[in-house]
Amino acid sequence: MASEADEESGGPGPAEQAAPEAVDPRIAAAIAAAEAAGPAEGVSVRIDSWIWAVRLAKTRSVGAAACKGGHVQVNGVRVKPAHTVRIGDEVRVRQEGWERIVVVKRLIRKRVGAPVAAQCYIDNSPPPPPRQPFAAPAGIRDRGTGRPTKRDRRDMERLRGLMEGGKPRPSGR
């Protein structure tokens, strides 16, 4: 039953309010710890430190090297490792053949767990490219099959490109 004050204000009572989205208590505690470890209001965070803290780079020095190599952009501009990042900035990090595009939601300085780190940014990245299946190198023989015959050796050399037009390449002797 709503009180008279709630009826006058027209707002729902405490029991009628929508429940906030359920968050794992461990994640909520980690988020609180990350916010406590974060910078004070008005204080900025270095880009190399932030991409390390939210797990976009394995180490801070790798993050700094990515910045120096031109692999990190903030709002479309290549930045140095000491560049400051703010909430709402779009950060692009090029890694291993694909580009991560994230928007900063929360500033943190210390590295946190993956579930907490994922809540510090909005990921707008395209899906990563499909992985190529690993192909065995040509000419590798199964263990225990013995010494290759002359025919096997010639087949392996042909696969490796050591023979030109069916004739063996001249050796240095």
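Quick caveat, the model's predicted, so the values are computed rather than measured.
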Verify same cluster id: I122, W98 (apolar side-chain graph, 4.5 Å)
no

W50 side chain near V91 side chain, heavy-atom distance below 4.5 Å:
yes

Distance-minimising heavy-atom pair for K80 and I47
O-CG2, 3.4 Å

Would you give me the side-chain donor-acceptor pairs under 3.5 Å for residues 53-65, sequence neighbours excluded?
residue: R55; atom: NE; partner: V112; partner atom: O; Å: 2.6
residue: R55; atom: NH2; partner: V112; partner atom: O; Å: 3.3
residue: T59; atom: OG1; partner: S61; partner atom: OG; Å: 3.2
residue: T59; atom: OG1; partner: V62; partner atom: N; Å: 3.1
residue: R60; atom: NE; partner: D48; partner atom: OD2; Å: 3.4

Taking atom CG of L159 and atom CZ of R154, what is their separation to the nearest 0.5 Å?
14.5 Å

Looking at NZ of K110 and OG of S49, how far apart are the two atoms once the value is rounded to the nearest 0.5 Å?
10.5 Å

Once side chain to side chain donor-acceptor pair (under 3.5 Å) is applied, what residue pairs with a partner in residues 66-77 remain, sequence neighbours excluded?
H71-R94, N75-D89

Other than W52, what residues sit in its cluster of Ile, Leu, Val, Met, Phe, Trp and Tyr side chains whose heavy atoms are under 4.5 Å apart, directly or through others?
none

Going by side chain to side chain contact (heavy atoms under 4.5 Å, CB included), name the residues that satisfy it together with R153, two or more places apart in sequence or in a different chain.
K150, E157

Return the set of residues passing side chain to side chain contact (heavy atoms under 4.5 Å, CB included) with I101 (not counting sequence neighbours), or none when no residue passes.
E90, R92, E99, N124, S125, P126

Check whether V103 and I108 end up in the same hydrophobic cluster, where Ile, Leu, Val, Met, Phe, Trp and Tyr are linked by side-chain heavy atoms less than 4.5 Å apart.
no

Where R46 and V85 come nearest, the two heavy atoms and their spacing
O-CG1, 4.5 Å

Can you find a heavy atom in the side chain of D155 that is under 4.5 Å from one in the side chain of R158?
yes

Just do the side-chain contact (heavy atoms from CB on, under 4.5 Å) check on R100 and D123 with the steps written out, would you?
CA-CA 8 Å; R100 298 282 310 263; D123 195 356; 3.2 Å; yes

Taking the side chain as every heavy atom from C-beta outward, state whether M156 and P148 have any atom pair closer than 4.5 Å.
yes

